[in-house]
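Just below is one structure, and these are the notes that go with it.
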There are 2 protein chains.
Amino acid sequence: MKNDATPKTPPQAIVGFGKHDHAQCKTHGLSRAEAVCAAAKVQLTPVRRRVLEILLEAHEALGAYDVLARLAKEGLGSKPPVAYRALGFLVDNGLAHRIEKLNAYVACAHPGEAHDAAFMICRACGAVAEAEPRGMMKRTAVEVGFQIESLVIEAEGLCPDCVPKASL
Amino acid sequence: MKNDATPKTPPQAIVGFGKHDHAQCKTHGLSRAEAVCAAAKVQLTPVRRRVLEILLEAHEALGAYDVLARLAKEGLGSKPPVAYRALGFLVDNGLAHRIEKLNAYVACAHPGEAHDAAFMICRACGAVAEAEPRGMMKRTAVEVGFQIESLVIEAEGLCPDCVPKASL
DNA sequence: ATTTGGTATGTTATAACATAACAATATGAA
DNA sequence: TTCATATTGTTATGTTATAACATACCAAAT
Ligand SMILES: [Zn+2]
Ligand SMILES: [Zn+2]
Ligand SMILES: [Zn+2]
Ligand SMILES: [Zn+2]
C-alpha cells in the first residue's frame, strides 16, 4: 500500500553473489512484503517486519537465535518462540526461506506467494544465492560460476500409498 | 518387488515405497557395504556395521538418538558421539544419507562411492524413497505417483568469488 | 458496555539434535 | 617392544526447536 508500483522481481538474476545495491534490495523487499501481506490479508506486524528487515540487512543466512539476539537488543522479544513464529510467518508467506543445510533463514529474493526455491551456499564465505528450481540448478550453477560440492534434493509430500487416503 | 538377486544395485527402482523383500534388501546392503569398505580400505567395524544394519532394518529415516537407543540396548555404545561417528562414517562412504528436512538418516539404496541423491519423503507415513537426482525428480515423482508438496534444493560449494581462492 | 472470538505476543520449560575435548583401548607396523 | 594411528568410550556442553500455557489486543456481536 505504499509504493505499489514495485517491479515484480528485479532481473531473474542470481541475488546473493557479487556486489549489489543493498539498501535498495532492502527497501524493495519490504515494499514487496507489504503488498504480499495485503494481498494475503495477513498482518506484517512490527516484529514480523523487523525480522524481515534483519534478514534483508544480513545479506547472509541467519539462525533463529541470531535473529532473536538482534530482536532482544531492540526490546522486541527475547524468547525463542518470538523468533521462530516470525520466521515461520515469513516462510509461510513466501517472504523468506529456510535453509535446511544451515538451519538458518534468508529473505526471499523474489517475494510473492509461497514457492519452492533452489539455493547455492558458499562454504567459504557463507554467501547464499537463490535461484529458480528449474532443471536441477546445475545449469544455473555453471552459468554463474558456482562450484557444487554437494547437493540436497528433498521432496516432501504424499507417497503413492498415502495419496488415496489423502484428506487434508 | 524389484528384487533381482544381482550383486549390483537393482535397476533404478524406487526403493522405499511399496512392499519388497526386506530381509534381502538388508543382506544386499551389508554385502555391498563390505565390498565398498574393502575397496576404500576403511574398516566396517562392529559398531559401524550394526548401525548400518539398524538403518537397513528400520525401513524409514532414523534420528541419531533413535539409532543410539538401539545401540545402547545391545551394549554397543550409549553416548551421542558413538552414534554420530558411525553415521558420519556411513554417510562419508556412501552407505547412508542424511535427510536434512528430518535431521535423520537412511541407508543408501544403491551403495557405492559417496554420491548425491534425491529423496521423496511421505509426511503421512514417514516412508523415504531414494531416487537418482536426474532432472529435478519431478519427473520421477510423477512416475511413481508421489505427490510433491514442498521441495528443497540446496547446493553447497564455492561461489564465484571464492573459487579463485580455492586451496582445498 | 460488555461479551465473545480471533490474532498475536509473552513466558516457562523442555525436547531434540549435535559436537568439543579428552581418556582409554586396540591394532598393526617398524 | 615401541610407536603411530584408528577407533571407541565418556563427560560436558552447545545449538536448535517446540509444547504448553498465559496475556494482550482488537473488532464485531449482544
Ligand atoms: Zn524465494
Ligand atoms: Zn564464497
Ligand atoms: Zn544413495
Ligand atoms: Zn505414505
Side-chain angles (χ1 to χ4, degrees), chain A residues 33 37-38 40-52 54-55 58 60-93 95-106 123 126 152 154 156, chain B residues 33 37-38 40-52 54-55 58 60-93 95-106 121 123 126 152 154:
Chain A
C37 289
K41 294 192 178 64
V42 294
Q43 303 174 45
L44 190 63
T45 63
V47 177
R48 291 166 177 175
R49 184 189 172 90
R50 185 62 193 125
V51 169
L52 177 56
I54 288 170
L55 292 181
E60 66 179 333
L62 292 183
Y65 281 73
D66 294 329
V67 170
L68 183 57
R70 285 169 170 77
L71 285 180
K73 276 197 297 195
E74 303 169 17
L76 271 175
S78 61
K79 306 300 164 54
V82 173
Y84 280 102
R85 282 169 185 152
L87 289 167
F89 172 89
L90 295 174
V91 170
D92 288 346
N93 290 280
L95 301 171
H97 297 284
R98 174 179 166 81
I99 309 294
E100 298 290 344
K101 285 190 80 135
L102 303 176
N103 294 330
Y105 303 81
V106 286
R123 69 165 161 81
V152 169
E154 294 171 7
E156 196 163 41
Chain B
C37 288
K41 294 194 177 65
V42 294
Q43 306 174 45
L44 190 62
T45 63
V47 176
R48 292 166 176 175
R49 184 189 172 90
R50 184 62 193 128
V51 169
L52 178 55
I54 288 169
L55 292 182
E60 67 179 332
L62 292 183
Y65 280 74
D66 294 329
V67 170
L68 183 58
R70 286 167 169 78
L71 286 180
K73 274 197 298 195
E74 304 168 18
L76 270 175
S78 62
K79 307 299 164 51
V82 174
Y84 280 102
R85 282 172 188 147
L87 290 167
F89 171 88
L90 295 175
V91 169
D92 288 346
N93 289 280
L95 300 171
H97 297 284
R98 172 178 167 83
I99 309 294
E100 297 291 343
K101 286 191 78 135
L102 303 177
N103 294 331
Y105 303 81
V106 287
I121 305 159
R123 66 162 163 82
V152 167
E154 294 171 8

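All of these numbers come straight from a predicted model, not from anything done at the bench. The chains referred to below are lettered A, B, ... by the order of the sequence lines, with proteins before strands, and numbering in each begins at 1.
- With values rounded to the nearest 0.5 angstrom, Leu90(A) atom CG is found 7.5 Å from Leu44(A) atom CG.
- The distance between atom CG of Leu87(B) and atom C1' of dT7(D), rounded to the nearest whole Å, is 16 Å.
- Counting any heavy atom pair closer than 4.0 Å across all strands shown, Arg48(A) reaches sugar-phosphate atoms only and no base atom.
- Lys101(B) places its NZ atom 18 Å from the C1' atom of dA16(C), with the value rounded to the nearest Å.
- Applying the 4.0 Å criterion to OP1 and OP2 of dA17(D), one finds that Arg98(A) has a side-chain N or O inside that range.
- Ranking dG9(D), dT11(C), dC17(C) by closeness to the Val82(B) side chain, first place goes to dG9(D).
- Candidate nucleotides dT7(D), dA17(D), dC22(C) were compared by shortest atom distance to the side chain of Tyr105(A), and dA17(D) ranks first.
- One can place CD of Glu100(A) at 12 Å from P of dA18(C), the figure rounded to the nearest angstrom.
- Side chain of Asn103(A), nearest nucleotide from dA8(C), dG9(D), dT16(D): dT16(D).
- If you take CG of Asn93(A) and P of dT7(C), they are 13 Å apart, rounded to a whole angstrom.
- Summarising the geometry, atom CG belonging to Leu55(A) is positioned 10.5 Å from atom CD belonging to Glu60(A); distances are rounded to the nearest 0.5 Å.
- Side chains of Glu100(B) and Val152(B) form no contact here, defined as non-hydrogen atoms less than 4.5 Å apart.
- The shortest side-chain heavy-atom distance between Arg98(A) and Asn103(A) falls under the 4.5 Å cut-off.
- Atom CZ of Phe89(A) and atom CG of Leu52(A) lie 9.5 Å apart (nearest 0.5 Å).
- At distances below 3.5 Å, not a single donor-acceptor pair connects side-chain atoms of Glu154(A) with backbone N or O atoms of Ile121(B).
- Below the 3.5 angstrom threshold, one finds no donor paired with an acceptor across the side chain of Tyr65(B) and the base of dA15(C).
- Counting to the nearest Å, the C1' atom of dT7(D) and the OH atom of Tyr84(B) are 19 Å from each other.
- Near DNA chain D, defined here as any heavy-atom distance below 4.0 Å, the residues from residues 66-81 of chain B are Leu76(B), Lys79(B), Pro81(B), listed numerically.
- Distances shorter than 4.0 Å separate none of the side-chain N or O atoms of Thr45(B) from OP1 or OP2 on dA6(D).
- If you measure from atom NZ of Lys41(A) to atom P of dA27(D), you get 17 Å, rounded to the nearest angstrom.
- Taking atom CZ on Phe89(A) and atom C1' on dT9(C), their separation rounds to 14 Å, with Å as the unit.
- For the side chain to side chain contact (heavy atoms under 4.5 Å, CB included) with Val82(B), the lone residue among Leu71(B), Leu87(B), Leu76(B) that qualifies is Leu71(B).
- One interatomic measurement links the two molecules: CD of Gln43(A) to C1' of dG6(C), which rounds to 10 Å at whole-angstrom precision.
- Of the two residues contacting DNA chain C, namely Pro46(A) and Ala104(B), the nearest-nucleotide position lying further toward the 5' end is that of Pro46(A).
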